[in-house]
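The figures here come from the full heavy-atom set of this structure, side chains too, leaving out hydrogens, waters and symmetry mates.
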Amino acid sequence: MTATILFVDDEPDLEALVLQKFRKRIREGAVNFMFAHDGLEALQSLEAHPHVDMVVSDINMPRMDGLSLLAKLQEAEDKKSTIIVSAYGDMSNIRVAMNRGAFDFLTKPIDFADLEATIDKTIRHVEMLREARWRQAEAERAHASLSRYFSPQIASRLACASGEGDGMEVQWREVATIFTDITGFTSLVESARPEVLGELLNEYVGGMTDVVFAHEGTVAKIIGDAIQVLFNAPGEQPDFAARAVACGHDLDAWAEQFRKRWQAKDVNFGVTRIGVHAGPALVGNFGGGRFFDYTAYGDTINTAARLEAANKFLGTHICVSAAIASGVPDFQGRPIGDLMLRGRSEPLRAFEPLQPADFRAPAVAQYSEAFAKLEAGDITAMPAFAALVGAHAGDALAGFHLRRLLNGAKGVRMQLE
């Protein structure tokens, strides 16, 4: 680094003397000197050359003295480290200068060995300040990037991390993952005005992200209207399954309120479907050194996406796997059945999670009895589901099973696609 130093002094011989005393270091490229004869000229020079690292200024000068110059320098956003020079008998002004923010001082006549040592000390100080500013800027940039993925608490912790063992490295982890998608969104894109679609989608993604962050989840991907969420990554969350279910409920509630609000504006916004699964996944930053892309890959992720799509056939809003249900203490929900999902050779038991008030409703117990008969191959399963649908016409899952039975299906294993 070549340190650029601005000398401000009205003595005519000072410039030649300084250049002579520092000629070796100037040739080596260690320092570069600029000169001004008073405070006004110094300010003009600094405006033209903002890269100046430090200022060495006399106090007594015409037009603008050193104390006034120091005050101006301290008002600037980029405060220059300043060494004040004055006669030894002018100690009161030197004290004023130090109180106004001068970094150090020298007395006249100048001892050039002392000047060189003071300049070196000031250069080290400038380098430390520059490094601190760079680190702060990097942390702010990192925080801005991380805030797209992580809750504010996690983003702040990661932005301040050293980079080692902070969870960004690619690794296998046990995670819970949520996939969300909107029914009929493609049709909405084709029919809505661009300005309406932009406002709608920005509000939707922003609101859904806020819900995720409230549960300290990680937004792994946003592709149009689809959102992928992770729990237990990058940090440890022992209750990741319970967090995922709670987050799923809150996402469903927020999305329904959003949908109804926009329907009141004559915008036909579809239902948000949610799939939740847990298991091992390859998680980390897959963007390399140039692009940050914290996401996850593996069968666990694909299965969550299949569960999200299963809602379309089941009539449910949320579909979770047995891996999720078994990871939640006192899980409250009702069984859907054993789904044969694309890409999987074995059936996957799925559940519809319910809020406590819904779980306590008599209809849930009635559903459980009908489902038990269906699972056991009891021929009374069909009238049991028929009675349930007759009493609760809006129960989409019960209606789904009744249609299966009427079409000759048996048991709880089903191929949806």
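- Across all non-hydrogen atoms, the minimal contact from Ala396 to Gly315 is CB-O, 3.4 Å.
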Item to complete: Under the side chain to side chain contact (heavy atoms under 4.5 Å, CB included) rule, what do Met54 and Val56 come out as? Steps first, then yes or no, please.
Response: CA-CA 7 Å; Met54 56 183 289; Val56 180; 4.3 Å; yes

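- Centroid-to-centroid, the aromatic rings of Phe385 and Phe371 stay 6.0 Å apart or farther.
- For Ser86 and Asn93, the side-chain atoms include no donor-acceptor pair closer than 3.5 Å.
- Ring pair Phe103/His125 is parallel by interplanar angle, where below 30° counts as parallel and above 60° as perpendicular.
- When the side-chain contact (heavy atoms from CB on, under 4.5 Å) test is applied to Ser45, the partners found at least two apart in sequence or on another chain are Leu6, Met34, His49.
- Ion pairing between a basic and an acidic side chain is recognised when a charged N comes within 4.0 Å of a carboxylate O; Glu203 and Arg261 show such pairing.
- Judged purely by atom type and a 3.5 angstrom limit, Asp225 uses its side chain to pair as donor or acceptor with the backbone of Ile182.
- Between Pro353 and Phe331, the closest side-chain pair of non-hydrogen atoms falls below 4.5 Å.
- With respect to Ile274, the side chain to side chain contact (heavy atoms under 4.5 Å, CB included) criterion is satisfied by exactly one of Leu251, Asp181, Val229: Leu251.
- Open room surrounds CZ on Phe105; 12 or fewer heavy atoms of other groups in view lie less than 6.0 Å from it.
- Note that CZ of Phe7 is 5.5 Å distant from CD1 of Ile110, once rounded to the nearest 0.5 Å.
- Minimum interatomic distance between Ala304 and Thr177 (heavy atoms only, all atoms of both residues): CB-CG2, 3.4 Å.
- At most 12 non-hydrogen atoms from other residues, nucleotides or ligands lie less than 6.0 angstrom from CZ of Arg95.
- Counting only heavy atoms from C-beta outward, the side chains of Thr122 and Thr118 approach each other to under 4.5 Å.
- The aromatic rings of Phe185 and Phe269 sit perpendicular, their planes meeting at an angle over 60°, well past the 30° parallel limit.
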Under 3.5 Å donor-acceptor pairs involving side-chain atoms of residues 400-407, not counting sequence neighbours:
unit_1	atom_1	unit_2	atom_2	d
His401	NE2	Ile336	O	3.0
His401	NE2	Tyr367	OH	3.3
Arg403	NH1	Gly399	O	3.4
Arg404	NH1	Gly411	O	3.2
Arg404	NH2	Gly411	O	3.2
Arg404	NH2	Arg413	O	3.4
Asn407	ND2	Arg403	O	3.1

Worksheet item: When you look at Glu127 and Arg124, which way does the salt bridge (Lys or Arg N to Asp or Glu O under 4.0 Å) test go after all the steps?
Response: CA-CA 5 Å; Glu127 290 175 342; Arg124 289 194 296 272; over 6 Å; no

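- Ion pairing of Asp358 with Arg334 is absent here, as no side-chain N (NZ or NE/NH1/NH2) approaches a carboxylate O to less than 4.0 Å.
- His277 is not listed as a side-chain neighbour of Val320, based on a closest heavy-atom distance of 4.5 Å or more.
- More than 12 non-hydrogen atoms from other residues, nucleotides or ligands lie less than 6.0 angstrom from CG of Asn99.
- Qualifying side-chain contact (heavy atoms from CB on, under 4.5 Å) partners for Gln332, counting only residues two or more places apart in sequence or in other chains: Pro356, Phe359.
- In terms of heavy-atom proximity, Ala192 sits nearest to Leu197 at CB-CB, 4.4 Å.
- Residues passing the salt bridge (charged side-chain N to carboxylate O under 4.0 Å, His left out) test with Asp299, sequence neighbours excluded: Arg344.
- Judged by distance alone, the side chains of Asp250 and His215 do bring a donor and an acceptor atom under 3.5 Å apart.
- With contacts defined as side-chain heavy-atom distances shorter than 4.5 Å, the pair Gln228/Glu308 does not qualify.
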Practice prompt. Would you please test Val412 and Arg349 for side chain to side chain contact (heavy atoms under 4.5 Å, CB included) and show each step?
Written response: CA-CA 9 Å; Val412 296; Arg349 175 56 62 100; 3.8 Å; yes

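- Heavy atoms of other residues, nucleotides or ligands lying less than 6.0 angstrom from NZ of Lys265 number more than 12.
- Minimum heavy-atom separation, Ala370 to Ala381: O-CB, 4.2 Å.
- Although no hydrogens or angles enter the test, the distance criterion places a donor-acceptor pair under 3.5 Å between the side chain of Gln415 and the main chain of Met340.
- For the pair Phe351/Thr316, no side-chain contact is recorded, criterion being any heavy-atom separation below 4.5 Å from C-beta on.
- Exactly one residue among Thr218, Val219, Leu230, Ile178 makes a side chain to side chain contact (heavy atoms under 4.5 Å, CB included) with Val212. That residue is Val219.
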Practice prompt. Show your reasoning for whether salt bridge (Lys or Arg N to Asp or Glu O under 4.0 Å) applies to Lys121 and Glu116.
Written response: CA-CA 9 Å; Lys121 181 177 69 172; Glu116 186 170 12; over 6 Å; no

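- In this structure, the side chain of Gln237 engages the main chain of Glu216 through a donor-acceptor pair within 3.5 Å.
- Judged as a salt bridge (charged side-chain N to carboxylate O under 4.0 Å, His left out), and not counting sequence neighbours, the contacts of Lys24 are Glu28.
- The two residues Phe240 and Ala278 have their closest heavy-atom pair at CE1-CB, 4.2 Å.
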Discussion item. Pair Gln171, Leu282 - check side chain to side chain contact (heavy atoms under 4.5 Å, CB included), show working.
Written reply: CA-CA 6 Å; Gln171 58 182 304; Leu282 196 60; 5.9 Å; no

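- Looking only at distances, no side-chain donor or acceptor of Ser321 sits under 3.5 Å from a matching main-chain atom of Ala350.
- With hydrogens and angles disregarded, a donor-acceptor distance shorter than 3.5 Å links the side chain of Asp38 to the backbone of Glu41.
- Here the closest non-hydrogen pair linking Val8 and Gly39 is CG1-N, 4.2 Å.
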Worksheet item: Are Asp395 and Val389 close enough, and set up right, to give a side chain to side chain contact (heavy atoms under 4.5 Å, CB included), and what steps lead you there?
Response: CA-CA 7 Å; Asp395 190 334; Val389 172; 5.8 Å; no

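- Side-chain contact between Val267 and Leu188 is present, with heavy atoms from C-beta onward closer than 4.5 Å.
- Side chain of Thr300 to backbone of Pro280: a donor-acceptor contact under 3.5 angstrom is found.
- Residues Phe179 and Ile301 form a side-chain contact, since some pair of their non-hydrogen atoms from C-beta on lies under 4.5 Å apart.
- Other residues, nucleotides and ligands place no more than 12 heavy atoms under 6.0 Å from the CD atom of Glu346.
- Under a cut-off of 6.0 angstrom, the local environment of NZ in Lys21 is sparse, with at most 12 non-hydrogen atoms contributed by other residues, nucleotides or ligands.
- Counting only heavy atoms from C-beta outward, the side chains of Ile222 and Thr209 approach each other to under 4.5 Å.
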Pair up each side-chain donor or acceptor in residues 66-73 with any protein partner under 3.5 Å, not counting sequence neighbours, and list the distances.
unit_1	atom_1	unit_2	atom_2	d
Ser68	OG	Asp65	OD1	2.9

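- The backbone N or O of Thr180 lies less than 3.5 Å from no partner atom in the side chain of Arg273, so there is not a single donor-acceptor pair.
- Screening Thr4, Ile5, Asp120, Val18 for a side chain to side chain contact (heavy atoms under 4.5 Å, CB included) involving Val31 leaves a single residue, Ile5.
- Judged purely by atom type and a 3.5 angstrom limit, Asn311 uses its side chain to pair as donor or acceptor with the backbone of Leu307.
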